[in-house]
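Structure first, commentary second.
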Amino acid sequence: MRLLIMGPPGVGKGTQAKGIAEHYQIPAISTGDMFRAMKGQSTELAKEVQALMDAGQYVPDEVTDRIVVDRLGKEDAQNGWLLDGYPRTIGQVHALDKYLEERGQKLDAVISLVADEETVKSRLLKRAAIEGRSDDNAETIAKRMKVYHEATDPLLDVYKERGLLIEVNGEGSVETVDERIRQALDKLS
Ligand code: AMP
């Protein structure tokens, strides 16, 4: 299985990605987690990434594409993967297309988690209180939402046109949403 999970910040992508990936025994690969792991490193790149994240802006495509390609080359990703938070720009869609084409591979599905804007904002503020993520404050959240709507929302149409998009209602408990995703994916096989 080669899957993408998409949706606005706070919709529950990371949580659902872990459950789905475990079920299909593939790694859940989150670009956000990979960037957060760079925190505290003293390289220029790490500092640039941190500043962009704190401002709610995207890391440039060439940096993001490179870390994804490196990660997909690892042993555990040879039988499939679930990408969480990538691609987020049309340039990244093209980079992923190229990567797959070069290997004669294709995506099986793109899961789009959908939830009301107020639901996602309140989830993000709750997460801020629990996890203390430096980009989960009201100002950055508003910026991330804006960037998401401008740069990433249009990608859903790209995958819809390709017949890959599966829209899943992201409201409700973790278990309920997990069940909805699994039912939709089971129909594929
Ligand atoms: P996330 O945990 O997926 O919400 O990502 C947190 C932050 O990491 C984002 O607000 C961006 O600054 C950065 N980031 C994660 N994935 C990407 C991506 N595919 N392209 C550019 N920036 C990204």
Side-chain angles (χ1 to χ4, degrees), residues 2-21 27-41 43-73 77 81-100 107 110-115 117 119-156 158-159 168 170 174 177 181:
R2 290 186 185 83
L3 303 168
L4 307 182
I5 187 161
M6 298 180 69
V11 78
K13 294 188 297 290
T15 306
Q16 294 302 333
K18 287 190 186 85
I20 298 302
I29 297 173
S30 153
T31 41
D33 281 352
M34 288 194 280
F35 289 137
R36 274 184 290 280
M38 291 168 79
K39 200 176 176 162
Q41 290 175 10
T43 61
E44 280 311 308
L45 180 64
K47 283 184 205 155
E48 187 192 332
V49 165
Q50 187 64 40
L52 289 167
M53 284 177 88
D54 285 348
Q57 285 170 355
Y58 285 172
V59 176
D61 284 354
E62 59 271 23
V63 175
T64 312
D65 294 337
R66 204 171 56 230
I67 66 155
V68 171
V69 167
D70 282 353
R71 180 63 186 88
L72 296 184
W81 32 256
L82 168 55
L83 284 175
D84 158 17
Y86 181 93
R88 257 165 147 116
T89 66
I90 195 72
Q92 294 176 13
V93 169
H94 294 148
L96 182 62
D97 285 346
K98 182 166 168 276
Y99 174 89
L100 291 166
L107 286 175
V110 177
I111 303 154
S112 163
L113 280 184
V114 185
E117 180 112 0
T119 307
V120 299
K121 276 193 192 151
S122 77
R123 278 190 193 165
L124 284 172
L125 287 169
K126 247 186 236 159
R127 186 170 73 187
I130 299 166
E131 295 179 16
R133 259 177 64 162
S134 58
D135 59 347
D136 275 348
N137 58 69
E139 195 188 327
T140 313
I141 289 169
K143 176 70 184 165
R144 283 159 66 203
M145 287 294 178
K146 187 168 178 286
V147 172
Y148 173 81
H149 286 304
E150 284 170 6
T152 306
D153 240 359
L155 308 188
L156 297 177
V158 173
Y159 288 117
V168 176
V174 171
V177 178
I181 299 175

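Atoms within each ligand, like the ligands themselves, are counted from 1 in listed order. No hydrogens, no waters, no symmetry mates; every other heavy atom, side chains included, goes into these values.
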Q: Evaluate side chain to side chain contact (heavy atoms under 4.5 Å, CB included) for Arg2 paired with Leu100, printing each intermediate quantity in order.
A: CA-CA 10 Å; Arg2 290 186 185 83; Leu100 291 166; 4.1 Å; yes

If we ignore angles and hydrogens, is there a donor and acceptor under 3.5 Å between the side chains of [X] and [Y]?
| X | Y | answer |
| --- | --- | --- |
| Tyr99 | Asp65 | no |
| Asp61 | Thr64 | no |
| Tyr58 | Thr152 | yes |

Q | Those protein residues which place at least one heavy atom below 4.0 Å from ligand 1 | A |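 Residue list for ligand 1: Thr31, Gly32, Phe35, Arg36, Met53, Gln57, Tyr58, Val59, Thr64, Gly85, Tyr86, Arg88, Gln92, Arg133, Asp135, Arg144.
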
(Q) Is there a side-chain contact between Ser112 and Leu4 in this structure, where contact means two heavy atoms from C-beta onward sitting under 4.5 Å apart? (A)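 With C-beta onward as the side chain, the pair stays apart.
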
Q. Should the pair Lys121-Glu117 be classified as a salt bridge under the 4.0 Å nitrogen-to-oxygen rule?
A.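 Answer for the salt bridge query: yes.
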
